[in-house]
Amino acid sequence: MLTIGPYEFNSRLLLGTGKYPNMEIQQHAVEASAAEVLTFAVRRMNIFADDQPNFLENIDLTKYKLLPNTAGAKTADEAVRIARLSRASGLCDMVKVEVIGCDKTLLPDPIETLKASETLLGEGFIVLPYTSDDVVLARKLEELGCHAVMPCASPIGSGQGIINPLNLQFIIDQASVPIIVDAGVGGPADAALAMEMGADGVLLNTAVSAAKDPVKMAIAMKQAVEAGRLGYEAGRIEKKYFATASSPSEGMISS
Ligand SMILES: CC(=O)[C@@H](O)[C@H](O)COP(=O)(O)O
């Protein structure tokens with residue numbers, strides 16, 4: 001079970017809803033992924049225009065928890081405004097705080113992320129900030145009271161996978177709130193590795209929505225997250241410098 005604030009989920013895969021070839025493929029991919037949390041950019045949604053196409057119409061909202069995100073915000077104030085708007089529209093009291101500090105890398109602004117998270121926590125939101133793999137910032141966000149921390153594997157949409165496993169491991173090891181690896185996942189092996197390292201969940205979008213076959217990739221990601229988690233729980237063997245024979249040598253007939 002993945003527990004975020006008051007909510008519990010069976011699936012540890014969280015899915016983004018942007019950039020699918022069309023809404024039908026998106027719907028099938030979402031179903032195939034078995035994700036229970038769907039994130040979407042409030043600013044890019046027609047949530048207030050009844051006459052506009054809206055992915056929420058195609059999704060059975062009784063099956064999913066929505067995670068509105070503040071994509072597009074460049075300051076804490078903007079992120080807070082977007083979060084208030086989404087809660088006022090009755091979507092959810094969870095929010096993924098995303099405050100971009102650099103247009104080229106889409107890496108988050110740590111100071112504005114911290115400020116926005118503090119304000120939203122004070123207003124009773126369930127706050128999940130998107131961060132870089134900064135170990136100290138992750139700790140400060142947890143100390144602030146964030147319900148989960150979401151460090152990126154690598155820049156959004158880059159598909160580079162986990163580029164700083166050491167930092168990510170530090171973040172996972174020090175945390176007592178869920179760590180959800182968010183952004184930069186390229187293939188199932190990246191998702192499995194994050195889970196094997198002890199992450200509590202993986203949030204991804206582009207790897208599925210831009211895959212040649214998004215529905216197949218959604219299934220692959222589901223299985224990768226499950227396999228990675230199972231491997232983590234099973235306990236991996238230690239890496240050794242030299243070989244160790246797989247069969248016991250005691251009791252062998254010597255020639
Ligand atoms: C949808 C969303 O929230 C993205 O900003 C997220 O960070 C996923 O990134 P990828 O597209 O790299 O998976």
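Remember, it's 1-based here, ligands and their atoms both numbered in the order they're listed.
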Tell me which protein heavy atom sits closest to atom 12 (O) of ligand 1, plus the residue, atom name and distance to 0.1 Å.
Gly157 N, 2.7 Å

Quick one: does Arg12's side chain get under 4.5 Å of Val202's, heavy atoms only?
no

Polar atom proximity, Leu204 to ligand 1 (N or O, under 3.5 Å):
no

When you compare ligand 1 with Asn205, is there at least one nitrogen or oxygen pair between them that comes in under 3.5 angstrom?
yes

Going by an N to O cut-off under 4.0 Å, is there a salt bridge joining Asp182 and Lys96?
yes

Tell me, yes or no, whether the heavy-atom count around Glu226 atom CD, taken from other residues, nucleotides or ligands under 6.0 Å, exceeds 12.
yes

At less than 4.0 angstrom from any non-hydrogen atom of Ile156, what atoms of ligand 1 do you find?
5 (O), 7 (O), 9 (O), 12 (O)

For ligand 1, is any non-hydrogen atom under 4.0 Å from Thr39's backbone (N, CA, C, O), its side chain (CB onward), both, or neither?
side chain

Got an N/O contact under 3.5 Å between Thr17 and ligand 1?
no

Which heavy-atom pair separates Leu120 from Val97 by the least distance, and what is that distance?
CD1-CG2, 3.7 Å

Got the closest protein heavy atom to atom 11 (O) of ligand 1, with its distance?
Thr206 OG1, 2.4 Å

For atom 5 (O) of ligand 1, what's the nearest protein heavy atom and its distance?
Glu98 OE1, 3.4 Å

For Ala79, does its backbone N or O pair with a side-chain atom of Thr70 as donor and acceptor, under 3.5 Å?
no

Checking side-chain polar atoms at under 3.5 Å, does Tyr7 have a donor or acceptor matched by the opposite partner on Asp93?
yes

List every atom of ligand 1 that sits less than 4.0 Å from any heavy atom of Asn69, numbering the atoms from 1 in the order shown and giving each element.
3 (O)

Gly184-ligand 1 polar pair, N/O distance under 3.5 Å
yes

May I ask you to check if ligand 1 and Lys96 share an N or O to N or O distance below 3.5 Å?
yes

Minimum heavy-atom distance between Val181 and Ala199, given as atom pair plus value
CG2-CB, 3.8 Å

If you measure every N or O of Asp182 against every N or O of ligand 1, does any of those distances drop under 3.5 Å?
yes

Hydrogens and angles aside, do Thr62 and Asp60 bring a side-chain donor and acceptor to less than 3.5 Å of each other?
yes

Applying a strict 4.0 Å limit to heavy atoms, is Gly18 in contact with ligand 1?
no

When you measure from the centre of the six-membered ring of Phe9, is the NZ or CZ of Lys65 closer than 6.0 Å and no more than 45° off the axis?
no

